[in-house]
Amino acid sequence: MNFLMHWGKSTRRQQLKSFLRFNIQRGVVVIPKSFNPERIKENFQIFDFSLTEEEMKDIEALNKNVCFVEMLMWCDHPEYPFHDEY
């Protein structure tokens, strides 16, 4: 099944949890914003499943390597992160 068709058929909540899980599996610290106690509980449910290697590759393939906020005033700083390709 086509990856985008699969995601289109799943609920929005499942999609968001999967994208949170994607970043966790990549070793990225994820801090989802929510003031709703029910959503906060749901956000912790990303630890009871893992994405397959194929799902990880499919999500990674969506990357267009675009940065919308480049903060060019800091581009000469030695730790400026937007010179790296992700």
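One-based numbering along the sequence shown.
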Legend entry - Between CD on residue E42 and NZ on residue K17, distance to nearest 0.5 Å: 6.0 Å
Legend entry - Non-hydrogen atoms of I24 and F47 that approach each other most closely: CG2-CE2, 4.1 Å
Inset, instruction - Can you run down the salt bridge (charged side-chain N to carboxylate O under 4.0 Å, His left out) pairs that involve residues 43-53, sequence neighbours left out, and say none if there aren't any? - result: E53-K57
Inset, instruction - Start with the C-alpha distance between L20 and F44, add both sets of side-chain angles, then the distance that settles side-chain contact (heavy atoms from CB on, under 4.5 Å), and finish with yes or no. - result: CA-CA 10 Å; L20 289 173; F44 277 104; over 6 Å; no
Inset, instruction - Find the distance between CD (E55) and CD (Q25) and round it off to the nearest 0.5 Å. - result: 8.5 Å
Legend entry - Atom pair CD/CZ of Q14 and F19 - distance to nearest 0.5 Å: 12.0 Å
Inset, instruction - Could you tell me which non-hydrogen atom of L51 sits nearest to which non-hydrogen atom of R21, and how far apart they are? - result: CG-CG, 4.1 Å
Legend entry - Interatomic distance, S18 atom OG to M56 atom CE [nearest 0.5 angstrom]: 11.0 Å
Inset, instruction - Report the distance from atom OG1 of T52 to atom CG of D58, rounding to the nearest 0.5 Å. - result: 7.5 Å
Inset, instruction - Write down the atom of N43, the atom of I46, and the distance for their closest heavy-atom approach. - result: O-CG1, 3.3 Å
Inset, instruction - For the pair H77 and W74, name the ring-plane relationship: parallel under 30°, tilted 30 to 60°, perpendicular over 60°. - result: perpendicular
Legend entry - Flag side-chain contact, heavy atom, 4.5 Å: V30 against P32: yes
